[in-house]
Amino acid sequence: MTPDLATTARTALACLDLTSLNDADDAAAIGALCAQAAGPAGPPAALCVWPRFVAQARAQAPVGVRVAAVANFPAGGLDVAAAVADVRAIADAGGDEVDLVLPWRALQAGDAAGAAALVQAVRVACAGRTLKLILESGDLATPALIHQASLIGLDAGVDFLKTSTGKTGTGATPEAARVMLQAIADHPRGAAVGFKASGGIRKVADAAVYIALVREILGAAAVTPQRLRFGASGLLGDITAVLQGSGPGNTSAAGSY
Ligand SMILES: O=C[C@H](O)COP(=O)(O)O
């Protein structure tokens, strides 16, 4: 049975990494993000910001909302020391989660070992924190490369596979999501790994597509913030509109998955 739009909106909110990763971000922008997280619809799963804003987000986010920050972002280079420095800055500022960009261009060029080495080094550097690996699936483009990138993350011990930075032409696609989800399902540690759709997700109807894929491939029990996230800078508005339009008593994020 297809969940109704309000149920989908509640699920999307509970699994939302409310994101602000603009070059022009300043303290006011992060303050506004934290205010959004405390809005009438209810709290998201996390905030996702630049490393320099982790301390402010930590101080201003509603209780229970996790703080994520990006590393090796957005370019996804091969500089291990710089990526590890990003992680250390996030950890020192109290961040809970790291969203790391895979060196996807290096992978495309045939340097899978170099890409894997950076992910492995970051996994060690952020031990104890949630690590999401951004594959930049829209640019990897082929199922074979998306699958290879997924295995790099799964073998390195990441906690989530994430589609996109939202900074290149193509963001999340159902086709790439299916490849990533199947890689998770087929991997020995897959039961402990989640999926994060990001890049261009603006409507609850967009989120419904990925919720259905997670339910189909990982099972209904995986449709929780522990195994499903949405990285989005422009989804909360539609979530709020759907929940407000669904009548009184439907503004809580708690809801069936
Ligand atoms: O998760 C991180 C992405 O930057 C979000 O992409 P978006 O701005 O298209 O929602």
Side-chain angles (χ1 to χ4, degrees), residues 8-9 11-26 29-30 32-34 36-37 39 41 44-54 57 61 65-77 83 86-87 90 95-102 104 122 126 129-140 146 149-150 153 158-174 176-177 180 194-211 214 225 227-242:
T8 301
T11 301
L13 179 60
C15 296
L16 178 63
D17 286 2
L18 183 60
T19 300
S20 187
L21 290 168
N22 304 300
D23 293 340
D25 279 349
D26 57 11
I30 302 307
L33 189 77
C34 294
Q36 278 188 309
L47 300 178
C48 188
V49 298
W50 294 106
R52 64 183 181 275
F53 294 121
V54 167
V65 174
R66 295 166 68 84
V67 176
V70 290
N72 203 32
F73 189 98
D86 286 341
V87 171
I90 294 165
D96 303 298
E97 306 183 349
V98 175
D99 287 36
L100 169 70
V101 185
L102 172 78
W104 58 273
V122 167
C126 65
R129 286 175 176 77
T130 298
L131 177 57
K132 310 182 197 114
L133 182 63
I134 305 172
L135 306 190
E136 209 65 287
S137 56
D139 291 80
L140 286 178
I146 295 169
S150 299
V158 303
D159 301 295
F160 284 82
L161 295 180
K162 174 178 174 182
T163 61
S164 317
T165 60
K167 300 297 184 186
T168 67
T170 307
T173 65
M180 295 164 68
F195 170 75
K196 178 172 176 179
S198 61
I201 298 176
R202 299 282 182 270
K203 298 290 184 184
V204 171
D206 300 333
V209 171
Y210 297 99
I211 292 169
V214 170
R227 297 195 64 203
L228 170 61
R229 296 286 179 88
F230 292 101
S233 60
L235 176 58
L236 183 60
D238 195 52
I239 289 173
T240 303
V242 168

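Ligands are counted one by one from 1 in listed order, and the atoms in each one are counted from 1 as well.
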Tell me whether [X] reaches ligand 1 (any heavy atom closer than 4.0 angstrom to a ligand atom).
X      : value
Gly171 : no
Arg202 : yes
Gly199 : yes
Thr165 : yes

Problem - Distance-only N or O hit between ligand 1 and Ser233, under 3.5 Å - result: yes
Practice task
Return a yes/no value for Lys162: is any of its N or O atoms, backbone included, closer than 3.5 angstrom to an N or O of ligand 1?
Solution key: yes
For [Y], does its backbone N or O pair with a side-chain atom of [X] as donor and acceptor, under 3.5 Å?
X      : Y      : answer
Lys162 : Val101 : no
Ser198 : Ser164 : yes
Glu136 : Thr165 : yes
Asp17  : Leu47  : no

Problem - Closest candidate by heavy atom, reference atom 9 (O) of ligand 1, pool Ala232, Gly166, Gly200 - result: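 Result: the heavy atom closest to atom 9 (O) of ligand 1 is in Gly200.
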Completion exercise
For Ser198, the ligand 1 atoms with a heavy-atom partner under 4.0 Å come out as 1 (O)
Practice task
Please report the C-alpha distance between Arg202 and Asp238 in whole Å, then the side-chain angles of each, then the deciding distance to 0.1 Å, and finally whether the salt bridge (charged side-chain N to carboxylate O under 4.0 Å, His left out) criterion is met.
Solution key: CA-CA 7 Å; Arg202 299 282 182 270; Asp238 195 52; over 6 Å; no
Problem - Between Thr130 and Asp159, a side-chain donor and acceptor under 3.5 Å - result: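 Judged by distance alone, the side chains do not pair up.
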Practice task
Write out the residue and atom name of the closest protein heavy atom to atom 5 (C) of ligand 1, then the distance separating them to 0.1 Å.
Solution key: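 Going atom by atom, the protein heavy atom closest to atom 5 (C) of ligand 1 ends up being Gly231 O, 3.5 Å.
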Exercise for the section: Considering only NZ, NE, NH1 and NH2 on the basic side and carboxylate oxygens on the acidic side, decide whether Glu97 and Arg229 come within less than 4.0 Å. Expected result: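 Arg229 and Glu97: salt-bridged.
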